[in-house]
A.B. asks: 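Starting off with a structure, shown below.
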Amino acid sequence: MANPETPLDSLLKAQIAAQGPITLAEFMATCLLHPEHGYYTTRDPLGRAGDFITAPEISQMFGELLGLCLAQAWVDQGAPDRFILAELGPGRGTLMADLLRATHKVPGFHAAANLHLLEASPSLRALQKQTLAAYSVTWTDSIDAVPDDAPLFLIANEFFDALPIRQFTRHIDGWCETIVGVAQDQLVKGYAAPVALPALAHRLDDTKPGQVIETRPDATPIMARIGAQISAHGGAALIIDYGNWRSNGDTLQAMRNHAFADPFAAPGQADLTAHVDFEALAQAAAPAVATGLTDQGALLARLGIGARAQLLSRNLSGAALENHLGATQRLTRAEEMGSLFKALALYAPQHPAPAGFD
Ligand code: SAH
């Protein structure tokens, strides 16, 4: 069956015909962030009407509790009178709005915060502008544009899973990179010839021929910058995403209308993500200290979601109460988002780990 032709389908086929197959990372980057036809560039993919729903869109409690966790870390570090409050990939701005509302009464926190949002999508930036109209915000395309002379308190929910991955299949003679080519006028997945890759030498011990691992080149400089700033000036980073301590297996997935789709059909029209390798993020952030991985459900429980949920439910009844109880379960239960999603925190060696982390 022929793919429905999307603008990116034709564009990618023409590019591959002229220059040869591309890496999976190049394919993902084009699908997600092509300036005219990219998935994030052109739409608001979040929420019930979009292709997927994220934790901050499920309940205000998510942003509130993580916001209070960051504010507690700021207090524990002596409440520095100027700091950078940053979010990577803020979506609709919901998490940041909930975080700011919840921390409103923390004395001095708002006055000391300089708010920076890293967002590549013009359409989502416009939404964030509306949601955060009451605050002074600086938007940026690059973490390097965020001032690096002050403590950094940062949050990222479902940001790293959206960054392009490279994929490698172990072979007797090295690693075969996954590439995207064209066959019978369709975009298809293929494999490059095996090459030895010194950067993957550490994965020779725990993989066998045929096994697939994934790397995320764009995450490394971002984490290095975050780690350097936190270890030099203090601060903390909270990173929540789905994934595991070490990448293992082909985890590329496409979501469209809340259902799994073929990643190579209709490029630019589906969300493409892959599991996050938290070990790689933690290592790239050295010399900042990384906590172990904590399940989202356990983290939210330790941060007090039980008491917060109960308090909010007092003013609710009927369908609104049911929604609220359902949302609480969705965020925390192991069979929903509670254990699929994990959290990692980074902090400076001279400071305590943020509350709620292992
Ligand atoms: N954190 C939000 C949105 C998650 S979706 C939430 O939890 O609801 C991923 C977000 O990252 C979107 O805002 C998307 O536009 C942004 N994004 C994806 N790739 C990016 C990149 N390379 N640079 C900056 N932002 C990016």
Side-chain angles (χ1 to χ4, degrees), residues 25-35 37-67 70 85-100 115-132 137-146 154-165 216-223 225-226 237-243 253-256 258 268 270-276 281 296 300 327 330-331 337 340-343:
E26 290 172 271
F27 173 75
M28 263 181 99
T30 304
C31 290
L32 294 176
L33 291 175
H34 183 275
H37 308 296
Y39 178 77
Y40 282 114
T41 327
T42 51
R43 75 196 72 211
D44 166 17
L46 295 152
R48 282 170 226 286
D51 290 311
F52 59 97
I53 187 160
T54 54
E57 303 299 331
I58 291 173
S59 168
Q60 68 185 69
M61 295 184 291
F62 187 78
E64 291 172 348
L65 294 169
L66 292 168
L70 271 189
L85 178 59
E87 183 175 359
L88 310 180
R92 288 177 168 171
T94 309
L95 189 161
M96 188 50 76
D98 293 335
L99 178 159
L100 289 167
L115 187 50
H116 291 262
L117 303 181
L118 179 77
E119 175 56 71
S121 158
S123 52
L124 288 174
R125 272 192 196 196
L127 265 174
Q128 292 156 21
K129 228 167 229 166
Q130 285 174 19
T131 314
L132 299 168
V137 180
T138 306
W139 276 269
T140 175
D141 284 334
S142 160
I143 189 92
D144 295 327
V146 174
L154 176 142
I155 189 155
N157 183 60
E158 287 210 51
F159 168 73
F160 287 101
D161 69 4
L163 296 187
I165 53 158
R216 204 171 240 110
D218 295 350
T220 308
I222 297 175
M223 292 307 295
R225 167 60 206 276
I226 293 170
L238 312 181
I239 294 164
I240 307 99
D241 225 309
Y242 74 120
Q253 70 177 40
M255 286 287 269
R256 209 176 167 187
H258 297 267
D271 185 39
L272 297 180
T273 60
H275 282 204
V276 170
L281 297 188
Q296 173 173 302
L300 294 175
R330 192 155 171 204
L331 290 180
M337 295 173 84
L340 176 64
F341 282 80
K342 317 264 199 250

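Order of listing sets the numbers, starting from 1, for every ligand and every atom in it. Please read all numbers here as calculations on a predicted model, not as lab measurements.
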A.B. asks: Among all protein heavy atoms, pick the one closest to atom 24 (C) of ligand 1 and tell me residue, atom and distance.
C.D. replies: A120 N, 3.3 Å
A.B. asks: Heavy-atom contacts with L33 under 4.0 Å: which atoms of ligand 1 show up? List them by number with element.
C.D. replies: 19 (N), 20 (C), 21 (C), 22 (N)
A.B. asks: Out of all atoms in ligand 1, which are within 4.0 Å of some heavy atom of P56? Include the element for each.
C.D. replies: 6 (C), 7 (O), 8 (O)
A.B. asks: Of I155, L70, L117, which is the lone residue that meets side chain to side chain contact (heavy atoms under 4.5 Å, CB included) with L85?
C.D. replies: L70
A.B. asks: Rounded to the nearest 0.5 Å, what separates atom CE in M28 from atom CG in L33?
C.D. replies: 9.5 Å
A.B. asks: What distance separates L32 CG from H34 NE2, expressed to the nearest 0.5 Å?
C.D. replies: 12.5 Å
A.B. asks: Any idea which atoms of ligand 1 are less than 4.0 Å away from a heavy-atom of G91?
C.D. replies: 2 (C), 3 (C), 13 (O)
A.B. asks: Taking the side chain as everything from C-beta on, heavy atoms only, tell me whether L88 gets closer than 4.5 Å to I239.
C.D. replies: no
A.B. asks: Applying a heavy-atom cut-off of 4.0 Å, say which part of N157 lies close to ligand 1: side chain, backbone, both or neither.
C.D. replies: both
A.B. asks: Could you give the distance from CE (M255) to OH (Y39), rounded to the nearest 0.5 Å?
C.D. replies: 8.5 Å
A.B. asks: Whether D141 and R125 form a salt bridge (side-chain N of Lys/Arg under 4.0 Å from carboxylate O of Asp/Glu) is what I want to check.
C.D. replies: yes
A.B. asks: Between the candidates F159, Y40, W139, which shows the shortest non-hydrogen contact distance to atom 26 (C) of ligand 1?
C.D. replies: F159
A.B. asks: Looking at atom 4 (C) of ligand 1, what's its closest protein heavy atom, distance included?
C.D. replies: E158 O, 3.4 Å
A.B. asks: Suppose I only count heavy atoms of S121 and a 4.0 Å limit; which atoms of ligand 1 are within that range?
C.D. replies: 15 (O)
A.B. asks: Show which atoms of ligand 1 fall inside a sub-4.0 Å distance from at least one heavy-atom site of T54.
C.D. replies: 6 (C), 7 (O), 8 (O)
A.B. asks: For the residue pair Y40 and F52, categorise the inter-ring angle as parallel (less than 30°), tilted (30 to 60°) or perpendicular (more than 60°).
C.D. replies: perpendicular
A.B. asks: With a 4.0 Å cut-off on heavy atoms, does L95 reach ligand 1?
C.D. replies: no
A.B. asks: For atom 11 (O) of ligand 1, find the nearest protein heavy atom and state the residue, atom name and distance (0.1 Å precision).
C.D. replies: G89 CA, 3.2 Å
A.B. asks: Tell me, which protein residue and heavy-atom name are nearest atom 16 (C) of ligand 1, and how many Å apart are they?
C.D. replies: E119 OE2, 3.5 Å
A.B. asks: Using a 4.0 Å cut-off to any heavy atom of L163, which atoms of ligand 1 qualify?
C.D. replies: 22 (N)
A.B. asks: Are L163 and I222 close enough that some pair of their side-chain heavy atoms sits under 4.5 Å apart?
C.D. replies: yes
A.B. asks: For the OG1 atom of T94 and the CD1 atom of I58, what is their distance to the nearest 0.5 Å?
C.D. replies: 11.5 Å
